[in-house]
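In what follows, a single structure is set out as structure tokens and then discussed.
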Amino acid sequence: MLDVLIVGAGFGGLYALHKLRSIGLKVQAVDAAPSVGGTWYANRYPGARVDIQSLEYSYSFDEGLQQEWSWSERYAAQPELLRYANHVADRFDLRRDIELNTRVEAAHFDESSGQWLVRSTDGRQWRTRFVVMANGPLSAPNTPAFEGLADFEGRVLHSAAWPHEPVDFTGLDVAVIGTGSSAVQIIPIVAEQARSLTVFQRTPAYAVPAHNGPLDRDWERRIKADYAGFRARNRQMRSGFGSELQPHPLPALQVSDAERDAVFEQRWQAGGFALLGAFTDLFTDLRANEHACEFVRRKIRSIVRNPAVAARLCPTHPIGCKRLCVDTGYYATYNRDKVTLVDVSQAPIERITPHGLLTGGREYKADLLVLATGFDAFTGPMQRIDVRGRGALSLRDKWRGGPLNYLGLTVAGFPNLFNLVGAGSTSAFTSVITAIEHHVDWIADCLQWLDAHGHETIEASEPAEAQWVSLMNAIAQQTIFLGCNSWYLGANIPGKPRMFMPMAGGFPMYAERCAAVARDGYAGFVMH
Ligand code: N01
């Protein structure tokens, strides 16, 4: 009998295992993959790298770890991130409590014993008091149901299930479907190797340059001289990172056009998400947001030589409404003669043929098809498991209209079950490792508190859950996030209920709410 079973051994599962073991609990983590690393094990397509600077996208829980690890680049690439996950697993002796190649298919709460029964696809079972779902909000790849896909005679690769051996695009006619963060990283690299590349774009993306390169060692030394202070300052930011570039003191609408553009330009040169942190009203005022949109559109028009292609690449939705893409040479790729951009916003992909794709009455030939079509975010990974709570309540049924939750960490009707970086938390808007550390520390405190107070179970109450969801909705209403079809809204998956799933209130506000709930003796929860 376990105290805690953790589903997933990515960055969330690894820290949960370390932390919960360190407070004396008997913990087991399982992962479907043959390796630790989660997202950074699965997403190994060419060009895969983090979009938050590595000095910020890394664990802060151990001073020795953050001092000794040295990133080679400003934005680490997938192999280095995977090495980091493996280093952490070794350094904290985590592997002895991790079962790999183990896919959980069911987790049922047994009311008579107050325990969870967790079962894997190969028939193994665990009894555990608590379950921590660390299976990641972006771990269920979305493969659209394109007619004819099974009859395609070339190779089909999904960005999130990339093969382990290198893929050689030399001499091939390659088609990429999608222009989100994954595609924006894949496209420039494929374009270098392939004979031709055709990109099928439904919605153009805003992409800002990463300006990646070797890590500036002076900067690294400066951060490491007070890493704890740097992390603390980052946690005061809405996004949980980026404290070195504070927003302009005035809103975008209160400065002159020239000053606003100078700030945007400075942020563009800084690279990455800095642009969205330029002014505090970019996420709350569509007129302010439009200035940033137009700034990026001007950049696109200045980079892409063919005006018709540039126009097709210019997004019309608010910037940041869909996750901003961070790129290396994305727009310039469309200046290559061998790269074609096909707009499928009006005439969708009709079908995949044995030798290509059919859209707008024309067939585009391809030897290799890359699906960079994203994920069934937040709910997908949870609903792929048969989770049943009190009274055999199924999570799939409970979430039919959207992922009801309390604090993003728990769901009413599912005692002793916690979710990391899921719907209802700020995960999608923070450096995810900051979110992970916050959630796990909160859960660890909660489990200790339960034992100290002689409680066996903790469970969100339905009124607290309803209040949290209406707070999430009320905050989202005040932002620009409802103005486009994003995976935050479930809008990328046909038939998925439209609900804004992350908490848009910013990390400091979210963390304070969670802390207040704990201070108030876990207000909104029912304990037995
Ligand atoms: O997925 P996406 P992603 N016909 O959903 C298109 C993180 N991430 O894997 O926009 C035609 O963003 C779809 O079109 P539309 C990051 O949080 C981070 O790229 O729905 N097209 C879109 O263009 C990111 O946000 C990094 O109209 C179809 C694309 O496929 C999240 O993961 C790198 C279609 C999917 O884009 C997801 O990114 C990679 C159809 N039927 C990912 N269905 C870093 O940089 C879908 N599309 C760290």
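As the structure lists them, so they are numbered: ligands from 1, and atoms in each ligand from 1.
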**Study point:** Distance filter under 4.0 Å to Val50 heavy atoms, resulting ligand 1 atoms
**Key:** 48 (C)
Exercise for review: Give the residue, atom name and distance (to 0.1 Å) of the protein heavy atom nearest atom 31 (C) of ligand 1.
Suggested key: Trp487 NE1, 3.6 Å
Point to revise | For Pro144, the ligand 1 atoms whose distance to one of its heavy atoms is below 4.0 Å | key: 41 (N), 43 (N)
**Study point:** Sub-4.0 Å heavy-atom approach of Asn485 to ligand 1
**Key:** no
Check your understanding: Among Leu368, Leu172, Asp367, which one satisfies side-chain contact (heavy atoms from CB on, under 4.5 Å) with Arg155?
Key -> Leu368
Review point. Salt-bridged, Arg74 to Asp216, with N to O below 4.0 Å?
Key: no
Practice item. Salt-bridge test for Arg287 and Glu290: reply yes if a basic N is under 4.0 Å from a carboxylate O, no otherwise. Key: no
**Study point:** salt bridge (Lys or Arg N to Asp or Glu O under 4.0 Å) pairs, two or more places apart, involving residues 493-508
**Key:** Asp376-Lys496
Check your understanding: What protein heavy atom sits nearest atom 10 (O) of ligand 1, and how far off is it?
Key -> Lys322 NZ, 2.9 Å
Review point. Judging by distance only, is a nitrogen or oxygen of Asn142 under 3.5 angstrom from one on ligand 1?
Key: no
Practice item. Would you mind finding which of Tyr488, Phe146, Trp40 brings a heavy atom closest to atom 4 (N) of ligand 1? Key: Phe146
Review point. Is the closest side-chain heavy-atom distance between Leu82 and Ser35 below 4.5 Å?
Key: yes
Check your understanding: Aromatic ring centroids of His291 and Phe279 under 6.0 Å?
Key -> no
Study note, to complete from the structure: Min over Arg323, Gln78, Arg202, His317 of heavy-atom distance to atom 14 (O) of ligand 1 lands on Arg202
Point to revise | Heavy-atom nearest neighbour of atom 2 (P) of ligand 1 within options Ser486, Gly374, Pro137 | key: Gly374
Check your understanding: So, does Gln201 sit close enough to ligand 1 that a heavy atom of it is under 4.0 Å from the ligand?
Key -> no
Check your understanding: Can you check whether Phe283 and Phe429 have ring centres sitting under 6.0 Å from each other?
Key -> no
Study note, to complete from the structure: Among non-hydrogen protein atoms, atom 12 (O) of ligand 1 lies closest to Gly180 CA, 3.8 Å
**Study point:** Test item, Thr179 contacting ligand 1 (heavy atom, 4.0 angstrom)
**Key:** yes
Check your understanding: What atoms of ligand 1 come within less than 4.0 Å of a heavy atom belonging to Arg49?
Key -> 44 (C), 45 (O), 48 (C)
Review point. Which atoms from ligand 1 have a heavy atom of Tyr45 less than 4.0 Å away?
Key: 33 (C), 39 (C)
Review point. Aromatic ring centroids of Tyr364 and Phe200 under 6.0 Å?
Key: yes
Study note, to complete from the structure: Closest to atom 39 (C) of ligand 1 (heavy atoms only, candidates Ser182, Ala76, Pro141, Ala183) is Ser182
Review point. Should Phe375 be listed as contacting ligand 1, given a heavy-atom distance under 4.0 Å as the test?
Key: yes
Point to revise | Charged tip of Arg44 within 45° of Tyr41 ring normal and under 6.0 Å | key: yes
Review point. Just which atoms of ligand 1 are under 4.0 Å from any heavy atom in Ile177?
Key: 11 (C), 21 (N)
Check your understanding: Only one of Tyr75, Phe241, Phe11 clears side-chain contact (heavy atoms from CB on, under 4.5 Å) with Tyr57; which?
Key -> Phe11
Practice item. Would you indicate which of Ala372, Ala377, Pro494, Ser181 comes nearest to atom 24 (C) of ligand 1 when only heavy atoms are counted? Key: Ser181
Review point. Considering only the protein, which heavy-atom contact is closest to atom 27 (O) of ligand 1, and what is its distance?
Key: Thr203 OG1, 2.5 Å
Check your understanding: Looking at CG of Asn142 and CG of Asn492, how far apart are the two atoms once the value is rounded to the nearest 0.5 Å?
Key -> 6.0 Å
Check your understanding: Without hydrogens or angle criteria, can the side chains of Glu363 and Thr353 be said to hold a donor-acceptor pair below 3.5 Å?
Key -> yes
Exercise for review: Can you sort out which atoms of ligand 1 are near Leu138, meaning under 4.0 Å from one of its heavy atoms?
Suggested key: 7 (C), 17 (O), 31 (C), 32 (O)
Check your understanding: So does Arg305 have more than 12 non-hydrogen atoms from other groups sitting under 6.0 Å from CZ?
Key -> no
Check your understanding: Going by the atom numbers of ligand 1, which of them fall below 4.0 Å from some non-hydrogen atom of Gly178?
Key -> 6 (C), 23 (O), 29 (C), 30 (O)
